[in-house]
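Notes for the one structure printed next.
All ligand and atom numbering here is 1-based and tracks the order in the structure. The shown structure was predicted, so the numbers you read here are calculated from the model rather than taken from an experiment. Side-chain atoms are counted along with the backbone in the values below, which use heavy atoms only and exclude waters and symmetry mates.
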Amino acid sequence: MKVLIVGGGGREHALAWKCAQSSRVDQVFVAPGNAGTALEPKVRNVDIAADDIDALLAFATREDIELSIIGPEGPLVAGIADRFTAAGRACFGPSRAAARLEGSKAFTKDFLERHRIPTASYATFTAKTFDPAYIRTQRLPLVVKADGLAAGKGVLICATHESAIEAAGAMLGGSFGAAGRTVVIEEFLSGEEVSFIVIASDQTVLPLATSQDHKRRDDGDQGPNTGGMGAYSPAPIVTPALHARIMREVIEPTLRGLRADGNPYLGFLYAGLMIAADGTPNVLEFNCRFGDPETQPILMRLQADLVDLCEAALSGALDSVDVRWDPRAALGVVMAAGGYPDSYRKGDPISGFPAAARLPGKVFHAGTRSDARDGGQIVTAGGRVLCAVGLGDSVAAAQAQAYDLVHAIHWNLVQYRRDIGYRAIAYERREPK
Ligand code: AMP
């Protein structure tokens with residue numbers, strides 16, 4: 001069979017690599033893919049942008065693609081799953097209506113409140129209803145969020161009332177385009193952040209191996225927010241008791257609520273949670289797709305056929321699948337272009353792939369392309385360029401393997417964190433297995 005992966009980042013490289021391992025799969029297409037997907041056995045890039053739904057559907061029809069897996073949120077929020085399904089093409093990803101869980105923070109806050117799922121208290125404003133007096137009555141710090149998709153940049157934590165009023169005013173004034181036409185003002189929550197990712201097929205859920213990511217650019221979780229500078233699996237903070245609580249208090253009522261509202265969910269569902277001191281799993285956000293870079297370490301541990309899993313979810317048979325996970329830990333370190341998450345250079349030649357290929361672990365590509373004018377030399381082409389994933393009997397061992405890969409690879413102005421996994425490693429030292 002033929003499979004189509006939509007997207008071109010590290011997540012999509014990992015999805016394509018995993019699908020290509022299926023004995024049922026003859027060919028995996030990635031649209032548009034990157035230099036890494038182009039080199040995988042059984043995988044071919046297709047020059048179609050991830051948000052060009054018409055061209056993607058025409059391609060899927062022409063090639064008789066039997067399964068399409070959608071990586072990024074943009075096409076899902078725009079309704080790619082509805083279009084493919086209406087045309088009789090199996091598409092693994094939520095409908096446009098269900099993807100609003102990521103596409104609109106105001107929608108999600110109302111949804112959470114209506115279904116009594118724990119989350120920070122909030123108020124929603126448009127330019128017409130904005131009331132600075134409301135902000136002045138709130139406890140500090142305050143969180144100001146643009147309603148729509150803002151590539152991870154639409155959340156500001158404000159230490160003063162004036163800065164919150166200014167941030168909300170700027171968003172409503174157009175600093176985030178249409179995404180900021182509505183703003184959510186939210187109570188600041190403290191605690192430990194956890195990502196919880198499942199495959200959902202209406203009310204049936206397959207929780208994936210636990211994971212945690214590092215969103216800040218610099219060591220010690222300092223500096224600006226990014227798309228993610230590294231991730232590891234499992235996340236020791238998610239104990240069996242916390243796991244059960246998240247399922248009971250967040251995942252199950254969310255899927256029940258979506259069904260009750262007439263929008264049953266299908267696909268990866270990612271809950272970003274803040275675990276309060278009393279253990280309450282408060283929802284910070286939902287993503288309607290697999291996380292990047294969580295996908296890379298999680299799929300390194302998956303000992304099952306991903307194509308079978310997606311098809312089982314599509315046919316309502318997810319409860320019949322048996323999934324095993326590699327008991328080893330996996331840890332991925334993102335190698336980014338200097339300057340990221342602000343402006344950065346593109347086109348720098350990357351060296352060291354042959355040395356990295358001789359080492360254990362796996363380097364997934366994200367922002368890379370191969371330069372035809374330079375004999376296929378692989379060059380940087382995005383902010384997050386590579387994700388080097390190691391495996392080991394502990395998070396510390398996986399970290400050591402991942403950094404061996406990182407040290408083998410180089411380009412001008414490469415940047416990466418040196419401490420990915422430090423919380424989990426401290427936990428391992430305190431509570432050895
Ligand atoms: P979001 O896109 O809503 O997940 O927000 C991005 C990041 O901002 C989260 O990963 C948190 O680190 C932080 N954040 C968002 N909402 C809150 C909140 N209510 N309290 C504290 N931190 C928050």
Side-chain angles (χ1 to χ4, degrees), residues 72-74 76-77 99-113 117-125 134-135 138-161 163-164 167-168 171 175-176 179-180 182-197 210-218 220-232 235 237-238 246 250 254 268-278 280-294 334 341 384 417 420 423:
E73 63 278 15
L76 289 165
V77 171
R100 285 191 82 196
L101 277 188
E102 177 161 5
S104 167
K105 289 186 191 285
F107 167 85
T108 300
K109 296 297 286 189
D110 293 347
F111 173 89
L112 292 167
E113 190 172 68
I117 299 164
T119 192
S121 64
Y122 73 104
T124 310
F125 296 101
Y134 166 85
I135 288 186
Q138 299 303 303
R139 263 217 330 256
L140 294 169
L142 261 178
V143 187
V144 180
K145 300 184 174 183
D147 175 57
L149 296 182
K153 294 196 175 134
V155 175
L156 294 169
I157 295 171
C158 301
T160 65
H161 292 125
S163 61
M171 283 182 189
S175 63
F176 283 91
T182 299
V183 295
V184 174
I185 313 283
E186 193 174 280
E187 164 199 17
F188 178 84
L189 299 173
S190 49
E192 178 111 31
E193 244 181 289
V194 163
S195 358
F196 197 86
I197 309 174
T210 59
S211 63
Q212 238 172 327
D213 74 340
H214 292 271
K215 285 213 166 57
R216 304 293 202 95
R217 186 191 59 197
D218 303 331
D221 294 318
Q222 304 295 312
N225 256 328
T226 69
M229 295 300 286
Y232 51 94
I237 173 183
V238 185
I246 294 170
V250 176
T254 297
F268 297 110
L269 177 64
Y270 174 127
L273 305 166
M274 187 70 87
I275 311 299
D278 70 355
T280 304
N282 286 296
V283 176
L284 292 177
E285 62 161 348
F286 283 117
N287 294 327
C288 64
R289 32 87 191 173
F290 215 155
D292 189 341
E294 290 93 331
V334 168
R384 292 187 296 168
R417 281 181 55 163
I420 298 301
R423 287 178 203 277

- Message: So, using side chain to side chain donor-acceptor pair (under 3.5 Å) as the criterion, who are the partners of S163 when residues are at least two apart?
- Response: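 Result, side chain to side chain donor-acceptor pair (under 3.5 Å) vs S163: T160.
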Expected output: side-chain [X] to main-chain [Y] donor-acceptor under 3.5 Å:
| X | Y | result |
| --- | --- | --- |
| Q212 | A235 | no |
| R417 | G230 | no |
| D147 | G180 | no |

Report, in ascending order of atom number, the atoms of ligand 1 lying under 4.0 Å from any heavy atom of [X].
| X | answer |
| --- | --- |
| F188 | 20 (N), 21 (C), 22 (N) |
| K105 | 1 (P), 2 (O), 3 (O) |
| K145 | 3 (O), 15 (C), 16 (N) |
| E186 | 16 (N), 17 (C), 18 (C), 19 (N) |

- Query: Heavy atom under 4.0 Å from ligand 1: found in E187's side chain, backbone, both, or neither?
  - Reply: backbone
- Query: Does ligand 1 have a heavy atom under 4.0 Å from the side chain of V155, from its backbone, from both, or from neither?
  - Reply: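 Just the side chain.
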- Would you say N225 and ligand 1 have an N/O pair spaced under 3.5 Å apart? no
- Message: Under 3.5 Å between any N/O of L189 and any N/O of ligand 1: does that happen in this structure?
- Response: yes
- Message: Just to verify, what does E186 make a salt bridge (charged side-chain N to carboxylate O under 4.0 Å, His left out) with, not counting sequence neighbours?
- Response: K109, K145
- Would you tell me which option among E285, K215, E193 has the nearest heavy-atom contact to atom 9 (C) of ligand 1? E193
- Query: Is a salt bridge present between D213 and K215, judged by a nitrogen-to-oxygen distance below 4.0 Å?
  - Reply: yes
- Item | Test side-chain hydrogen bond (donor to acceptor under 3.5 Å, both in side chains) applied to T280 and D278, step by step | CA-CA 6 Å; T280 304; D278 70 355; 2.7 Å; yes
